[in-house]
Amino acid sequence: MSEAQSAGVHKNFIGGKWVESASGEKYRTVNPARPKQVVGEFQASVVQDADSAIAEAAASAPAWGKMPAPQRGSILFKAIDVFERRAGELARAITIEEGKPIADATGEVKRAMNILEYAAGEGRRLFGYTTPSELPDTAAYTFKRPLGVVSIITPWNFPVAIPVWKMAPALICGNAIVFKPASATPFAATIIAEIFEEAGIPAGVFNLVTGPGGSIGNKLVEDPRIGGVSFTGSTEIGTRIYARGAEALKKVQAELGGKNAAIVMNDADLDKAVPGIVQGAFGSTGQRCTATSRAIVQKGVYNEFMDRLIAQTKALKVGDGMDPENDVAPLSSKSQFNTVREYIGYGTEEGAKLVVGGHALEGAEYEGGYYVEPTIFTDVPENSRIAQEEIFGPVLSVFQAEDVQDAVRISNSVKFGLSSSIYTRDLVLAHEYINTVETGMVHVNAPTLGGEVHLPFGGLKASGVGQREQGTEAFDFFTETITAYIDYSASARERSRFI
Ligand code: UN1
């Protein structure tokens, strides 16, 4: 174990050194499966810490930006080896700090490694383009230049994958980073910093500052040395970051909430649809922005769908994510636990019918963990809170639809637009849906979840703003495109016009 971890007291990583916060303050995180267990103590950072991290990043950015991109790629490839070696430890860190089942945590670490692979290889691409000039003896081309220093501000629900899918493209493009993980998940973030340190990232290129966003968030957006901000989190905070970033003319990428719907048509293969919706709604305890929080079912298949959905949901095992037998783990914090229970209350108050679950699980065997049963509502009024708002927990609302137009109308009737899916065997219906549904990602015969690292990830409407994450768009976000015109004519030439 490294120095950063051995004492159970973890430090910030600034300028290549593990350092304490200037505040002298620390805070603790706990295991949501048994909140009496402290995961560790972390630095409660203040503006002064963010300031030194930005200063170190700004000092190291020019040399990092000048290093040939394939060499930066070698460091990322080295990081994959270290990830591989520490994968089990990292997955356990996710589960004890965030709560998700260990299989989900293991998948998350794998996903982080996939994006590292994709970004590391990009060191040998980072293409611009060339095009014929309208003038003779003139070369015209574009190339990418790093932004300099970028802030990476990430949520607690994917404490490894989301930071890495931002930092890997940021780093390969030649930026130095200041990484501010969610205050609830600094442990996984600390291990990520250790991994990059071991992989040989130059001092100052990778900086980690832990603690609550309130105290340092503004600094990480507004400081003139910051060239771009990549944020994932709530629509409320993302809107503020975007506004502040706009004021300072910063590039901002904000990946926000979702209220994702899966549509089930009469001709759907229920052997695909039901498990896909159960996984989408209750996998990772519903705490992912691509979770399925609505099912919209065509009337002809409704009864059979519901019978199977209820049976499969009741078969889910709820318990500590460290036990691989469990399918659904605790909510990640007391405040999430309270929020989800409040929403279940609103569902009943606003006239929806509770058909499965709906309770917190308490008693000695649950050790005070933040467990809520997988919960299903039917007969949900379309404008009620559980139909419209992001709950971020294991709660599914089911609606009935007449036909594909009606199903898409319901799917689109929310302010969010991240992901969606349809189950049908009919290509005509599938395309009617693909062409009219208002989400950034659409799935046919597959859950609303996730995405592949080499394809763009992001949403419409209140689900996000700025360039997409992942895919080639990621490399566009973390660079400026420069356009070069080079006159290589042997002597001065007459120009008929200047353009
Ligand atoms: C996924 O669903 O696999 O915060 C990724 C989130 C999203 C990432 C989801 N930004 O849940």
Side-chain angles (χ1 to χ4, degrees), residues 91 94 98-101 103-115 118 152-169 180-182 184-185 188-189 213 229-238 241-242 252-262 276-293 329 331-333 336 339-340 390-395 416-421 439-443 446-471 473-474 477:
I94 296 173
E98 196 269 352
K100 71 177 63 177
D104 290 346
T106 305
E108 181 178 342
V109 174
K110 176 81 184 115
R111 188 127 160 226
M113 289 162 60
N114 290 344
I115 189 114
Y118 175 55
I152 306 246
I153 307 175
T154 56
W156 45 262
N157 68 327
F158 279 88
V160 172
I162 292 178
V164 175
W165 85 40
K166 293 176 186 299
M167 62 183 58
K180 209 307 268 163
T185 50
V229 181
S230 182
F231 169 80
T232 297
S234 69
T235 297
E236 187 199 342
I237 296 181
I241 289 184
Y242 187 52
V252 176
Q253 165 184 73
E255 212 280 284
L256 310 173
K259 187 72 189 170
N260 314 297
I277 290 172
V278 168
Q279 189 201 353
F282 307 121
S284 299
T285 321
Q287 299 182 122
R288 61 204 280 184
C289 61
T290 57
T292 308
S293 66
L331 274 315
S332 75
S333 65
Q336 278 297 113
T339 306
V340 171
E390 182 173 51
I391 302 174
F392 230 62
V395 181
F416 297 105
L418 186 61
S419 180
S420 61
S421 85
T439 59
M441 293 170 290
V442 301
H443 299 265
T448 58
L449 302 173
E452 299 185 22
V453 299
H454 52 296
L455 287 157
F457 182 100
L460 312 181
K461 295 158 60 177
S463 289
V465 69
Q467 230 142 6
R468 292 279 183 273
E469 298 187 281
Q470 310 187 79
E473 280 78 352
F477 176 74

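Residue numbers run from 1 in the order of the sequence given. Treat the numbers as computed from the prediction; the structure is a model and nothing was measured. Just so you know, ligand 1 is whichever comes first in the structure, and atom 1 is the first atom listed for that ligand.
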Problem set entry | Flag, side chain of Lys100 to backbone of Asn157, donor-acceptor distance under 3.5 Å | yes
For this session: State which residues pass salt bridge (Lys or Arg N to Asp or Glu O under 4.0 Å) with Glu255; sequence neighbours excluded, sorted by chain then number.
Result: none
Is the closest side-chain donor-acceptor distance between [X] and [Y] under 3.5 Å?
X      : Y      : answer
Ser230 : Lys166 : yes
Thr292 : Thr448 : yes
Thr290 : Asn260 : no

Seminar exercise, completed: In chain-and-number order, ligand 1 lies under 4.0 Å from a heavy atom of each of Arg111, Asn157, Phe158, Ile162, Trp165, Thr232, Glu255, Arg288, Cys289, Thr290, Gly450, Phe457
Exercise. Is the number of heavy atoms from other residues, nucleotides or ligands within 6.0 Å of CZ (Phe477) greater than 12?
Worked result: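 Yes, because the 6.0 Å sphere around CZ of Phe477 holds more than 12 heavy atoms from other groups.
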